[in-house]
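Structure first, commentary second.
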Amino acid sequence: MTQKYVYFFGNGQAEGRAEMKNLLGGKGANLAEMTSIGLPVPPGFTITTEVCTEFYKNNQTYPESLTSAVAENLKMVEALMDRRFGDPRNPLLVSVRSGARASMPGMMDTILNLGLNDTTVQGIIAQSGDERFAFDAYRRFVQMYSDVVMGMEKDILEHLLEQKKEQRGVHLDTDLTAADWKELVGSFKLKIKEELGKDFPEDPHEQLWGAIGAVFGSWMNQRAITYRKLNNIPADWGTAVNVQSMVFGNMGDDCATGVAFTRDPSTGENYFFGEFLVNAQGEDVVAGIRTPQPINRVKDKDGKLPSMEEVLPECYRQLVDIRGILEKHYKDMQDIEFTIEKGKLFMLQTRNGKRTAPAAIKIAVDMEKEGLIDEKEAVLRVQPSQLDQLLHPSLDPAAEKQVIAKGLPASPGAVSGQVVFSADEAEAEAKLGKKVILVRIETSPEDIHGMHASQGILTARGGMTSHAAVVARGMGKCCVAGCGDIKVSYAGESFVARNGVVVKKGDTITLDGSCGEVMLGAVPTVAPVLTGDFAQLMSWVDTYRKLKVRANADTPHDSRVARQFGAEGIGLCRTEHMFFEAERISAVREMILSEELEGREKALAKILPMQKGDFIGIFREMKGLPVTIRLLDPPLHEFLPQEEKDLEELSKTMKVPVGTLKHKVESLHEFNPMLGHRGCRLGITYPEIYDMQVRAIMEAACELVKNEGFSIVPEIMIPLIATARELQVLKQNAVAICNEVIARYDVRLEYLIGTMIELPRAALTADEIAVEAEFFSFGTNDLTQTTFGLSRDDAGKFLPFYVDNGILAEDPFVSLDQNGVGQLVKMAAERGRATRRDIKLGICGEHGGDPSSVIFCHKIGLDYVSCSPFRVPIARLAAAHAALS
Ligand code: PEP
Ligand code: MG
């Protein structure tokens, strides 16, 4: 049997189904599905993604049977439409669109009105009775086709159009007549011949194959490649091509075209949200050239533009019914495109709508309440990485702000940054570590890299479904779109607000994507409140996940934040962070500078009460939840200044000769401090440091137990262990101090002594180490560094290049290298458990907050992950996803 390359849909019957996205692309699969459930879809066919893959595999040639399959399907469309492709009297026109497995908005090219030429245009005049419409459609086709298929510079024909308007003394396209359009078609074609040295194809079949080739070709264009890279879409998925009979939204005032979401994609509110344009074709709504009208008045109560409900009430009612059918069928919020031709409604697309994080949560929780989905499905509907958006600040309501303009609240969040006017500039400035806001008249897919590099996006033109709005929401970036209050001058690198304020490149502004305000300067922000639907979802998350989630926190304040985010303990308290506070650092330096044990002990005695105070604060905040405290880890030189002038200052405050200080700094110098005198190696050589820290931890715990009836099991963690013997020595010392403190306070207190697994040798000998260790915490930052032989501090110079060029799929410091470092973790966990069955296993490297790493930790059976407080909800959700899928 020959392989099936083309799938038909039309008149209530379809060969494809919604589940066939991999083969038919999202658009093709859903056109088939909508057709089967009886929605009005213009007939057409889908050429599969396999053809695209084979096209690239076989040197850009098509499979043999494709030509005849396309011809057969075209015949079926002709039969249903009762029109013929290329027929001078009654021609069929088609659209040709791309459609990959994952939606890639605006990334690939679309051609409308295909099949028009000098003879078929007469047939369109006969069909429509409207010469102006027919020639307008024709010139649009010539413009699109010459750009997308033939590679003609868009602006050249656009310029001819502008000239024509000038010559006729009009401003709007709509003021041009049939004769004008007809003339323009002629001059367009001449210009194309002049520029490209070839004729515009007249043969509709040649046009069709040209368009199919262009769609497949667009899979490898730069914007598609960039989009795939940003969204982790593999290149070998390929795109499908959808060929569909045209319906026209621009045949008069009983025609329209629009896009809608079955619920609000910004907030998730359950009302029908959309925009449309009367007498417009296809991309006019998304292109942002005309300001679209709302489909109803639910939100836009006193807007000036008439709604679809008002001007096309019949079609609106039908669309509302379809909204209900689609939500019941797909059980998810849909993003739809429709066209109305002479009062008749057609559906051109449906897909699961992209949404902001707040919307994702609200929709999931609402749909569970409405009985459309269950709790588990609701949990799976929200992507862990999306939560990041929610956990970010919004504008401080008490802050003063100078609002200079207002646009559409296209994508929520509040951000400040320096204004730039081009995507390249945005990228360049962001690389220098600047926070920038990209300001454009409107954005196009060419701007995607700049949008990615920016904090937020501000556009002067375009609606809620404009390119800027859709892409920003997908990226979780703050965006204010369609801000007609500003006039942007690219040449002048500035914009003027309506009130006359001029904002130049480099000036700082603030955007509030939740209300559309643009403010001068940087307005302070506040942390998010996580109640309501968020709390509901997270309660489901907590019922389904198995993995516990702790936080990395070093202060009572961070501990409180962590608990508010749902942390079930502290997985890593880095004690060295406490050493840097103003009054402590001098005692720490005094300790480092002391050549004799006595001097060091004197200095340590000053630090002990402060550390104890910190631990009391943290234990109190954590209310009996487990707290893992790590003993001193970094090399000592980190606590001394390195610059000459800072050393001089220190010499004055410490009353130590500057020469002594310099000598000490020199003596502490190491070529590879990360592999040097740090971690447990400090504890071995200066036992008094760890002794002091253990005493501070135990005294803090004993005091709370004795005086306040707390129940605490402190977990004392020793970093950078390479051999079991190191741990044995250090544990012996620690146990002696613990027992001494417990006896002194005369309380009952259990405690655990464990280690970090941060070195390959520790992982390899985990069975020996577990003889001493009561818990392992995988320090995957160092373990990645030491397994890859990749310096954490220097990798920034070349790692991005590795990732950009596909040498590494991801930065291994961000997402755990599961095949390498992950295997060490897995093996050490197994070996640890083989020695000590109930050993507690967790991870506290940055990977503890990375969703795919969390899922890996679940799979290999760790007990918990620990991450920064703001990532705790992300880790909880990822853990639930791991348990449910
Ligand atoms: C680690 O190495 O993964 C770790 C958590 O420790 P630090 O980042 O402090 O070296
Ligand atoms: Mg470490």
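Basis for what follows: all heavy atoms, side chains included, without hydrogens, waters or symmetry-related copies. Ligands are counted one by one from 1 in listed order, and the atoms in each one are counted from 1 as well. This is a predicted model, so every value here is computed, not measured.
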Fill in: Any N or O of Gly779 closer than 3.5 Å to N or O of ligand 1
yes
Item to complete: Say whether Glu576, considering both its backbone and side-chain N or O atoms, lies within less than 3.5 Å of an N or O atom on ligand 1.
Response: no
Within the 4.0 Å heavy-atom shell around [X], which atoms of ligand 1 are there?
X	answer
Thr780	3 (O)
Arg792	2 (O), 7 (P), 8 (O), 10 (O)
Asp782	1 (C), 2 (O), 3 (O), 10 (O)
Cys844	5 (C)
Met756	4 (C), 5 (C), 6 (O)
Leu572	5 (C)

Item to complete: Determine, considering heavy atoms only, which of Ile757, Asn781, Thr784, Ile843 sits nearest to atom 4 (C) of ligand 1.
Response: Asn781
Using 4.0 Å as the upper bound for N to carboxylate O, is an ion pair formed by [Y] and [X]?
X	Y	value
Lys606	Glu590	yes
Glu576	Arg630	yes
Glu568	Arg550	no
Glu644	Lys662	yes
Asp863	Lys546	no
Asp633	Arg574	no
Glu621	Arg563	yes
Lys840	Glu715	yes

Practice prompt. May I ask you to identify the nearest protein heavy atom to atom 9 (O) of ligand 1, giving residue, atom name and distance to one decimal place in Å?
Written response: Arg574 NE, 2.8 Å
Worksheet item: Which heavy atom of the protein is the closest neighbour of atom 6 (O) of ligand 1, given with residue, atom name and distance?
Response: Arg630 NH1, 3.0 Å
Practice prompt. Would you please test Glu830 and Lys826 for salt bridge (Lys or Arg N to Asp or Glu O under 4.0 Å) and show each step?
Written response: CA-CA 6 Å; Glu830 284 161 4; Lys826 180 167 179 274; 3.6 Å; yes
Worksheet item: How about Gln823: does its CD atom have over 12 heavy atoms from other parts shown lying under 6.0 Å from it?
Response: yes
Discussion item. Restricting to distances shorter than 2.8 Å, give the number of protein N, O or S atoms close to the Mg ion (ligand 2).
Written reply: 2
Discussion item. When you measure from the side chain of His881 to the backbone of Val379, do you find a donor-acceptor pair of N or O atoms at a distance under 3.5 Å?
Written reply: yes
Worksheet item: Any donor and acceptor pair, going by atom type alone, linking the side chain of Arg876 with main-chain N or O of Phe565 inside 3.5 Å?
Response: yes
Worksheet entry | ligand 1 contacted by Glu846 (non-hydrogen, < 4.0 Å) | no
